[in-house]
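In this chain, numbering begins with 1 at the start of the sequence shown. Remember, it's a predicted structure, so these values are computed and weren't measured experimentally.
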Amino acid sequence: QVQLVESGGGLVQPGGSLRLSCAASRSIFSFNTMGWYRQAPGKERELVASITHNRITNYADSVKGRFTISRDNAKNTVYLQMNMLKSDDTAIYYCNTPRYPITWGQGTQVTVSS
């Protein structure tokens with residue numbers, strides 16, 4: 001059973017924007033903190049943003065001020081609005097529950113290049 005489906009990635013120039021979406025099953029999404037992760041080639045997966053059920057947010061220093069995480073509890077969907085993208089943002093982006101991660105989805109590729 002697929003419980004996490006990421007979408008919205010693509011190729012963008014430095015300074016550009018993308019909006020990622022993560023559709024989660026209701027049993028996973030409801031009342032859980034959700035997070036966006038990314039993994040660049042040769043690097044460990046890292047948490048870049050999280051949001052609680054009550055929409056309290058937290059961001060890694062590397063993306064603070066540029067990325068915005070949000071959620072629609074009625075639609076079981078979490079979003080990541082990415083602005084002012086840099087080459088260092090290039091990675092595969094995943095969503096999951098930070099406290100009790102489940103099976104990872106396919107992720108969505110974000111490539112920032114001129």
Given 3.5 Å as the limit, does a donor-acceptor pair link the side chain of Thr77 with the main chain of Lys75, or not?
yes

Is there a side-chain contact between Tyr100 and Asn32 (heavy atoms, below 4.5 Å)?
no

For atom CZ of Arg55, decide whether the heavy atoms of other residues, nucleotides or ligands shown that lie under 6.0 angstrom number more than 12.
yes

I'd like to check Thr108 versus Leu20 (side-chain heavy atoms, cut-off strictly below 4.5 Å). Are they in contact?
yes

How long is the span from the CD1 atom in Ile102 to the OG atom in Ser25, to the nearest 0.5 Å?
5.5 Å

Side-chain donor-acceptor pair under 3.5 Å between Ser17 and Asn83, yes or no?
yes

Going hydrophobic residue to hydrophobic residue with side-chain gaps under 4.5 angstrom, can you get from Val5 over to Ile92?
no

Are Phe67 and Val112 co-members of a hydrophobic cluster defined by side-chain heavy atoms under 4.5 Å apart?
yes

Is there a side-chain contact between Met82 and Val110 in this structure, where contact means two heavy atoms from C-beta onward sitting under 4.5 Å apart?
yes

Partners of Tyr37 by ring-ring contact (aromatic ring centres under 6.0 Å, His included), sequence neighbours excluded?
Trp104

Can a donor-acceptor pair be found, under 3.5 Å and without considering hydrogens, that links the side chain of Arg66 to the backbone of Met84?
yes

Looking at every heavy atom in both Glu6 and Tyr93, which two are closest together, and how far apart are they?
CG-O, 4.0 Å

Does Thr97 reach the side chain of Ile28, with side-chain heavy atoms less than 4.5 Å apart?
yes

Judged by atom type as modelled, is there a donor-acceptor pair below 3.5 Å linking the side chain of Gln109 to the main-chain atoms of Gly9?
no

Pi-cation contact, Phe29 with Arg71 (under 6.0 Å, within 45°):
yes

All heavy atoms of Ser114 vs all of Pro14, minimum pair found to be N-CD, 3.6 Å

State whether Tyr94 and Arg38 meet the cation-pi test: NZ (Lys) or CZ (Arg) under 6.0 Å from the six-membered ring centroid, and within 45° of the perpendicular axis.
no

To the nearest 0.5 angstrom, please state how far the CD atom of Glu46 sits from the CH2 atom of Trp36.
14.5 Å

Is the shortest side-chain heavy-atom distance between Met34 and Leu4 below 4.5 Å?
yes

Can you tell me how far the SG atom of Cys95 sits from the CG atom of Leu80, to the nearest 0.5 Å?
10.5 Å

So which heavy atom on Ile69 is nearest to which on Ile51, and how close?
CD1-CG2, 3.6 Å

Between atom OG of Ser113 and atom CD of Gln13, what is the distance when rounded to the nearest 0.5 Å?
8.5 Å

For side-chain contact (heavy atoms from CB on, under 4.5 Å), just list the numbers for Gln3 and Ser27, CA-CA rounded to whole Å, side-chain angles, deciding distance to a tenth of an Å, and then say yes or no.
CA-CA 9 Å; Gln3 299 186 95; Ser27 62; 4.2 Å; yes

Can you spot which of Val12, Thr90, Val63, Thr111 makes a side-chain contact (heavy atoms from CB on, under 4.5 Å) with Leu85?
Val12

For the atom pair CZ (Arg99) and OG (Ser50), what is the distance rounded to the nearest 0.5 Å?
12.0 Å

With a 3.5 Å distance limit and no angle check, can you tell me whether Asn96 reaches the backbone of Pro98 through a side-chain donor-acceptor pair?
no

Looking at every heavy atom in both Asn76 and Asn73, which two are closest together, and how far apart are they?
OD1-O, 3.3 Å

Return the OG to NZ distance between Ser62 and Lys86, rounded to the nearest 0.5 Å.
8.5 Å

